[in-house]
Amino acid sequence: HSMVGDKAREEMNAFQRNESKETLFTFISAGDDPPKGDFPVQKKSPKLCGSNYPLSIAFIVVNEFCERFSYYGMRAVLTLYFINFFHWDENLSTSVYHAFSALCYFTPVIGAIMADSWLGKYKTIIYLSIVYVVGHLIKSVGAIPSLGNQAVHVVLSMVGLFLIALGTGGIKPCVSAFGGDQFEEEHTSERSKFFSVFYLSINAGSLISTFVTPVLRGDVKCFGEDCYPLAFGVPAALMVLALVVFIAGSGLYRKTPPEGNVLLEVCKCIGFAIKNRLKNRSRQIPKRDHWLDWASEKYSKKLIGEVKMVTRVLFLFIPLPMFWALFDQQGSRWTLQATKMNSLNSHCFVLQFLNPLLILVFIPIFDLGLYPLINMCKFNFTPIRKMATGMILAGMAFGLAAIVEVKINVSIVQEITQKSLAFTGRRKCITKLVFFPQNPAEYSKLILNGEQQSLHFTLQHQGLSLGFNYTVKEKSVYSLIVFEAEGSLSSRLVSVGVKCKYNLSEICFLCRFINGLSQDVNLTVDSKRFIAIQKNYSVSEYMLLERDKGALQIWKSEDIKANNVHMAWQLPQYLLISAGEVMFSITGLAFSYSQSPASMKSVLQAGWLLTVAFGNAFVLIIAQAAPMAQWAEFVLFTVLLFAVCIIFSIMGYFYVSVDPEDLQEKEEKRETPSRGNMISLITRKTKL
């Protein structure tokens, strides 16, 4: 996971610690860890500069760099695209962002099944990359302001994001394993180094893209505003380049045929065991030592034993989504926090690239410095303890984020106090607050000849006579607004009368806003209500404000100008969460990898990816179901992660690390139910 969680975590030989944040490793079929060369003999790929490295891996590494640039570059500006372009509120923007991120981690299961059971890795990468490119193009077109109304933009963007999620998730479990397939059996050390280079290409792509695309959005203007079409178009171009580069190396690749997906076999085995146990609840049927033993009528002892080992580790995965719920908010809540802070330039995403950069720095520091130092102190810093420590660091990062948020709010309130419009006192019902260029001293009364009448208004201006016709109703209050639009005078008749829902003796305060600017504006009232008003004196609906409030504060919401809280205040939280990721993610993957048999690596990889997906889904639920002040939400996530950390520590305390090979030998020695015991089972009706 990375950048915001999914940067590189790959199956490096023996799962070295210098792995990445994104799940680089793949769903590996049984007997495919790594590919053993049991595929049809093919001509050997040319080597790089006389080494043992196949030339084909150069195309794969460049492809991965371009694809990661494409993905992270698009995602770097996604949240503010929702805020500024769609005018969505922060909760809705956060929810859609995390729904997209979750989908990116559910779809790898689809890609793995396609590759292992149907198309093979090469064709799966090609076909889903085409889907990926189409999604990028649709997303870029949807960001063009002049193309249709907002509904068109939203539909195009959502379709594009869905296709992108299907593409990036679908190829995720294929590309790294396809690169491993290019090496011959005897070149294991070269394969290991390839994964390191592969990991570096991912971080390089994410580093560059998270810096470049925000600059393209903010510094380049198109269609009179921030250039989102360019910010999305450049990643789209990089994905096209990634596809072209990958296809260009087609003649050099070793392509293994699909051999069946062990993930499906595991799911079928578990399902059969549960179904068989439910059918055979009679007391006359002998009990079995483990619930998975109920699959022995159909599946081999070897497979059942391996599934038992995997389920032990998957059980430890249950609390892990909470870490990713916090970690992935770097691209949503933390980005929105940065937009309210002061910086030396206009880019709110400068700190986002710190995460991949810090990971590259922290990995050697931790591996070569911190961990050996802890071992010298005779402290048994087990993988479970490292992961728990990573959770604590992430929780502390969100605690700091809450403190920064409070500091930002204090600064904004001070700024508003100096510049806002304040209306104090108790107001009678039907008080009208209308923002005109200049409020009239009083309204003129007109006598109508009926309930409504058409009136002709004539305006004398600089020797010109302009006429306007409007229909007015009796017992109503209007204001005629005259303004200049596109070089000529225009007018708009606005009704300023409103019927209060309360009795006239009630105390209330009604207000609305008229936009006298030549551009659309956004207004935020009481930090809660968001109003979008179009240009040229468009009018908002009346708003009923809370009664008996000492002051009403209203301010224009735009790209917020710098306040006195500098963006550098976010540095500590980025340092903590990056350190937490190194301890949690890399250690967790290495640990789970070491605790599963060779043929079951794919199942654990699927389980790990799903923890990221469920973590993002949890953020979506919180943002929609329990909206609260941002600092309070940060505190809530901090408390939840600390609570989950305690649960995980207790689970880890009772977990006993095993050698999968030793455990497999014990499983094979265990006695299985005799044939006589099976005769009475309902499952004997099956053709076995």
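Classified by interplanar angle (parallel below 30°, tilted 30° to 60°, perpendicular above 60°), the ring pair Tyr574/Trp334 is perpendicular. Ring-plane geometry between His153 and Phe85 is classed as tilted, the angle between the planes lying from 30 to 60 degrees on a 0 to 90 degree scale. Ring pair Phe69/Phe65 is tilted by interplanar angle, where 30° to 60° counts as tilted.
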Stepwise side-chain hydrogen bond (donor to acceptor under 3.5 Å, both in side chains) check, Arg333 with Thr94: CA-CA 7 Å; Arg333 294 302 198 192; Thr94 298; 3.1 Å; yes
Please lay out, stage by stage, how Leu163 and Ile138 fare under the test side-chain contact (heavy atoms from CB on, under 4.5 Å). CA-CA 9 Å; Leu163 295 178; Ile138 294 176; 3.9 Å; yes
Can you check side-chain contact (heavy atoms from CB on, under 4.5 Å) on Leu80 and Arg217, steps first, answer last? CA-CA 10 Å; Leu80 284 197; Arg217 177 198 71 89; 4.3 Å; yes
side-chain contact (heavy atoms from CB on, under 4.5 Å) evaluation trace for Trp324 with Val619: CA-CA 9 Å; Trp324 300 119; Val619 179; over 6 Å; no
Could you go step by step and tell me if Phe323 and Phe648 meet the side-chain contact (heavy atoms from CB on, under 4.5 Å) rule? CA-CA 11 Å; Phe323 175 89; Phe648 176 74; over 6 Å; no
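A 4.5 Å side-chain heavy-atom check between Tyr299 and Val307 finds every atom pair outside the cut-off. Between Trp291 and Ile270, some side-chain heavy-atom pair lies under the 4.5 Å cut-off. You'll find the side chain of Pro54 stays beyond 4.5 Å of the side chain of Leu252, heavy atoms only. Between Asn276 and Lys298, every side-chain heavy-atom pair lies at or beyond the 4.5 Å cut-off. Looking at heavy atoms from C-beta onward, Phe584 lies out of side-chain contact with Leu393 at the 4.5 angstrom threshold. Counting only heavy atoms from C-beta outward, the side chains of Phe100 and Ile164 approach each other to under 4.5 Å. Put simply, the side chain of Leu156 reaches to within 4.5 Å of the side chain of Leu147, judged on heavy atoms. Between Phe86 and Val154, the closest side-chain pair of non-hydrogen atoms falls below 4.5 Å.
Here the rule is side-chain contact (heavy atoms from CB on, under 4.5 Å) with Pro356, and of Leu207, Val361, Ile208 only Leu207 fits it.
No more than 12 heavy atoms of other residues, nucleotides or ligands lie within 6.0 Å of CZ in Phe162, so this atom counts as exposed by the packing criterion. Around the CH2 atom of Trp118, the shell of radius 6.0 Å holds no more than 12 heavy atoms that belong to other residues, nucleotides or ligands.
Figure legend: Lys121 and Phe178 shown without cation-pi pairing, the cationic atom not lying both under 6.0 angstrom from the six-membered ring centre and within 45 degrees of its axis.
Atoms CZ and OG1, from Arg75 and Thr168 in turn, are 9.0 Å apart once rounded to the nearest 0.5 Å. Between Ser300 atom OG and Glu265 atom CD the span is 9.5 Å, to the nearest 0.5 Å. The OH atom of Tyr132 sits 12.5 Å away from the CG atom of Leu137 when rounded to the nearest 0.5 Å. A distance of 11.5 Å separates CG of Leu243 from CD of Glu67, quoted to the nearest 0.5 Å. The CG atom of Leu264 lies 6.5 Å from the SG atom of Cys267; values are rounded to the nearest 0.5 Å. Ile304 CD1 to Ser296 OG: the interatomic distance, rounded to the nearest 0.5 Å, is 5.0 Å.
Here the two rings, on Phe59 and Phe246, have centers that are 6.0 Å apart or farther. Taking the six-membered ring for Trp, Phe106 and Phe614 have ring centres closer than 6.0 Å.
The backbone N or O of Cys66 sits nowhere less than 3.5 Å from a side-chain atom of Ser70 that would complete a donor-acceptor pair. Side chain of Ser209 to main chain of Ser206: a donor-acceptor pair is present (N/O by atom type, distance under 3.5 Å, no hydrogens or angles). Between the side chain of Asn616 and the main chain of Ala99, no donor-acceptor pair closer than 3.5 Å is present. Formation of a donor-acceptor pair under 3.5 Å by the Thr587 side chain with backbone atoms of Met387 is not found in this model.
The two residues Leu119 and Thr124 come nearest to each other via the heavy atoms CB-OG1, 3.6 Å. Between Ala76 and Thr213, the shortest heavy-atom distance links the atoms CB-OG1, 3.8 Å. Pairing each heavy atom of Cys269 with each of Leu303, the nearest pair is CB-CD2, 4.4 Å. Taking both residues in full, the closest heavy atoms of Gln182 and Arg254 are given as OE1-N, 2.8 Å, listed atom of the first, atom of the second, then distance. Met651 and Pro319 get closest at one heavy-atom pair: SD-CG, 3.6 Å. The minimum heavy-atom distance between Leu609 and Pro108, with the atom names listed, is CD1-CB, 3.5 Å.
Judged purely by distance below 3.5 Å, without hydrogens or angles, the side chains of Tyr97 and Thr335 never pair a donor atom with an acceptor atom. Checking Ser201 against Glu64 by side-chain atom types alone, no donor-acceptor pair falls below 3.5 Å.
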